[in-house]
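Take a look at the structure set out below.
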2 protein chains.
Amino acid sequence: MKVTINDIAKAANVAKSTVSKVLNDSPSIPLATKERIRAIMRDMNYIPSSMATGLAKRKCNNVAVMIDLSRRNDFLNQFFYNIIGGIESVVGSKGYDLTICNVPQEDSRDFLHRYALSQKADGLIIDTSILEKTAASDLLEANSPFVVLGAWGEERKFPCVDIDNRLGAVKITEHLLAQGYRRIAFIGGRKKEHLFSQRFAGYSEALRRRGCGVNPLWSFPEGSTEASGYAAVEKMLRLPIVPDAILCMNNYVAYGALRCLRDRGISVPDEVGMVTFDNEPLAPYTSPPLSSLHTDTFGLGAKAAELLMGLIQDEDTAPEEAAKSRQTWIEPHLIVRESSVKPGSAL
Amino acid sequence: MKVTINDIAKAANVAKSTVSKVLNDSPSIPLATKERIRAIMRDMNYIPSSMATGLAKRKCNNVAVMIDLSRRNDFLNQFFYNIIGGIESVVGSKGYDLTICNVPQEDSRDFLHRYALSQKADGLIIDTSILEKTAASDLLEANSPFVVLGAWGEERKFPCVDIDNRLGAVKITEHLLAQGYRRIAFIGGRKKEHLFSQRFAGYSEALRRRGCGVNPLWSFPEGSTEASGYAAVEKMLRLPIVPDAILCMNNYVAYGALRCLRDRGISVPDEVGMVTFDNEPLAPYTSPPLSSLHTDTFGLGAKAAELLMGLIQDEDTAPEEAAKSRQTWIEPHLIVRESSVKPGSAL
DNA sequence: TTGAAAGCGCTACCAG
DNA sequence: CTGGTAGCGCTTTCAA
């Protein structure tokens, strides 16, 4: 059988409460005793049961990230490894474990609720796509710390961390303008997606600031696949006034767009400039290589974890105040490659 | 405070042992009573504490996957999302949680040991790269079920699941031969890597079966980056007898190789045929698109999880026998694209 | 069919 | 500084 605290107590000839104090490095135990008991623990190969400790302390040193693993083509999925890595890096260093929960969006509310109440985790990191309005209130009420991955709807009453997509779109658009492109098209996405609105807002904002105006004919929110990228460019080329630059929602749209331009014999970046959101997985490997907007997804995860750890520790300190409106925006960075550098410009 | 089993017992006017039986759907409780008590649980919003249950049952309904998250360019990383998804799909359906552990390879042995003994998980899925020889014995001795991701060294005394890399290489090589290519080079990898040996073995085997012989000048085990792919092809082109086909260790090597060939004006597949391991992330998007070997990584994860769940359940039943030598090989599939189809052949 | 009591392994409080 | 005792919330005999 497993060796328990009682075995150690017996072997050391002390009470188990003393052993417990050694375990928790209590200052009331003299160093000599500590070392003696620790030696015994080592000899006997003793590791405390996390469940017993957890039950007694009402704390499990575990954080859960709730996502929908079935959505195989999501933003999260693509960067999943990095986000998880980021979360783990901060959570792990504080001695917490990380559990991954696959939450089907149908009964997400119930799932989150049960999970929190069962005390399987001290805190939750929740992908925005599975967080219903009511679920968040449940959690708040149940007093379970959580932070949302991705800005949550309009009202951001809860701690969340997201990429600053608006700013990203501004950066891309300004770069294109600076390169001398003037008629910038926006392809990919869907009108109802938050991601789209945020990015489109940044694009519009940058254009307006330069007094360029936003031509409604130049946006093609018709999906984010390679095929839709190809189709969008086909349509674009039939326009009376043809854009001279393209901003793409992702690498696959961009790839499709590039392919269409190549098929038509239109050169990038000479005749048409191009920049895409996301630096993965294709941007560096297309011809020409695509300028892209890199986002630090590891940092995103890390930031989310930091917020959460803050909440967990402050739990008793400042319940409401702390939880409210702590949101963080991760700033994306432009990586300039051939696809958006006009001949003659310095890269 | 949280509502506990005692609260329910009180509210229902029964002993807590009765409530416990309801919780576990014991047959000794009449249906009427069960329903009455369940209704009360629902009303009072009762969810049992997983730690208390776990402590009492000595079982936590949790499985951990141990990998080295710091190796950002690993085979695992690339397919991480799929593997995790696969594991979750089987483990989740059985009511188990999945925790991800970042195990630094230095003290991996100690980490695994502590983790198992602390009873944070009922079973472990361990990436082969962090499993030292001694660690495995520790686990066996501690009686903790585990399965290894990736074949473990020479001796496979432990349950493990891996891609059948040898078979994959055979498939690629045979395809190339069938297309009429006769001088097949092998680029990427490192001689000491298992991955390399397995694949090289398959390549050699297929060649020998056709009586082709393996030309030692035609393998370039000099790393798996884009740059090494480029360099390998440069070297290859200077050979007295130049190969007419290339088998690449991964997409990046292949990309580098492709780039070099393009720079030299050598056409693929006309003058040189090419196939790469892995169908992600670039293979479908290069020019020409690369024939590749697709591996079902979701299935890999699922299979590993199935093995593990088997071990967990058999724990009391057949301890040694069951654990030994249960290994599974996932068969990879060839996806034929332009890069390996000789003009004139039917695709 | 139900319940009282004795744990599961650890912490926490309070004497001494 | 140390030890006894009473939990943490649930399960599991064993009688009744």
Side-chain angles (χ1 to χ4, degrees), chain A residues 1-38 40-41 44-62 95 114 116-122 142 316, chain B residues 1-38 40-41 44-62 95 114 116-122 142 316:
Chain A
M1 229 10 246
K2 292 251 130 87
V3 21
T4 76
I5 198 175
N6 291 301
D7 303 323
I8 302 298
K10 227 161 277 173
N13 247 306
V14 295
K16 66 176 182 179
S17 52
T18 304
V19 179
S20 173
K21 278 168 195 145
V22 173
L23 242 25
N24 293 287
D25 201 23
S26 154
S28 70
I29 306 283
L31 209 72
T33 315
K34 277 185 187 169
E35 310 235 284
R36 187 173 68 84
I37 296 187
R38 286 201 182 114
I40 297 181
M41 292 179 179
M44 301 185 59
N45 224 309
Y46 168 68
I47 304 289
S49 151
S50 61
M51 290 187 293
T53 312
L55 179 56
K57 289 197 179 163
R58 247 148 282 128
K59 176 140 186 15
C60 55
N61 284 289
N62 185 44
R114 307 183 78 77
L117 287 195
S118 72
Q119 299 160 73
K120 282 187 193 162
D122 298 320
D316 350 72
Chain B
M1 227 10 244
K2 292 249 131 87
V3 21
T4 76
I5 198 175
N6 291 302
D7 303 323
I8 302 297
K10 227 161 277 173
N13 247 306
V14 294
K16 67 176 180 180
S17 53
T18 303
V19 179
S20 172
K21 279 166 197 148
V22 173
L23 243 23
N24 293 286
D25 201 23
S26 154
S28 70
I29 305 283
L31 209 74
T33 315
K34 276 185 187 168
E35 310 235 283
R36 186 173 68 85
I37 297 189
R38 287 204 181 110
I40 297 181
M41 293 180 179
M44 300 185 61
N45 224 309
Y46 169 68
I47 304 290
S49 151
S50 62
M51 290 186 293
T53 312
L55 178 57
K57 291 197 180 166
R58 248 147 288 137
K59 177 140 189 11
C60 56
N61 284 289
N62 185 44
R114 309 183 77 76
L117 287 195
S118 72
Q119 299 159 75
K120 282 187 192 161
D122 299 320
D316 351 70

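Chain letters run A, B, ... following the sequence lines, proteins first and then strands; every chain starts at 1.
Between B:Lys21 and B:Val14 the shortest side-chain heavy-atom distance does not fall below 4.5 Å. Side-chain contact between A:Tyr46 and A:Leu23 is present, with heavy atoms from C-beta onward closer than 4.5 Å. Looking at heavy atoms from C-beta onward, B:Lys2 lies in side-chain contact with A:Gln119 at the 4.5 angstrom threshold. Between B:Lys16 and B:Thr4 the shortest side-chain heavy-atom distance does not fall below 4.5 Å. Residues A:Ile5 and A:Ser20 are in side-chain contact: their nearest non-hydrogen atoms beyond the backbone lie under 4.5 Å apart.
Five base pairs at each end of the helix from C:dT1-D:dA16 to C:dG16-D:dC1 define two local axes, and these are offset by 40° (rounded to 10°).
Following rounding to the nearest Å, B:Ile5 (CD1) and C:dG3 (C1') show an atom-to-atom distance of 12 Å. Separating the CG atom of A:Leu55 from the P atom of D:dG7 is a distance of 14 Å, rounded to the nearest angstrom. In this structure, B:Glu35 atom CD and C:dT1 atom C1' are separated by 17 Å, rounded to whole Å. Computed from coordinates, the B:Arg58 CZ to C:dG7 P distance equals 12 Å when rounded to whole Å. Distance, B:Met41 CE to D:dC10 C1': 11 Å, rounded to whole Å. The CD1-P distance, from B:Ile8 to C:dT2, rounds to 17 Å in whole Å. Atom pair B:Arg36:CZ and C:dT2:C1' shows a separation of 12 Å (rounding to whole Å applied). Regarding A:Lys34, its NZ atom lies at a distance of 11 Å from the P atom of D:dT2, rounded to whole Å.
Taking OG1 of B:Thr18 as the reference point, atom CD1 of B:Ile8 lies at 13.0 Å (rounded to 0.5 Å). Atom CG in B:Asp7 sits 11.5 Å away from atom CD1 in B:Ile40 (nearest 0.5 Å). Taking CG of B:Leu55 as the start and OG of A:Ser50 as the end, the distance is 9.5 Å to the nearest 0.5 Å.
When each of D:dG3, C:dC10, D:dC10 is scored by its nearest atom to the side-chain atoms of A:Ala56, the top-ranked nucleotide is C:dC10. Considering only side-chain atoms of B:Lys16, the nucleotide from C:dA6, C:dA4, C:dC10 that sits closest is C:dA6.
Between the side chain of B:Ser17 and the base of C:dG3 there is at least one donor-acceptor pair of N/O atoms closer than 3.5 Å.
Around the NZ atom of B:Lys59, the shell of radius 6.0 Å holds more than 12 heavy atoms that belong to other residues, nucleotides or ligands.
Using a 4.0 Å cutoff on non-hydrogen atoms, the parts of residues 18-33 of chain A near DNA chain C are A:Ser20, A:Lys21, A:Leu23, A:Asn24, ordered by number.
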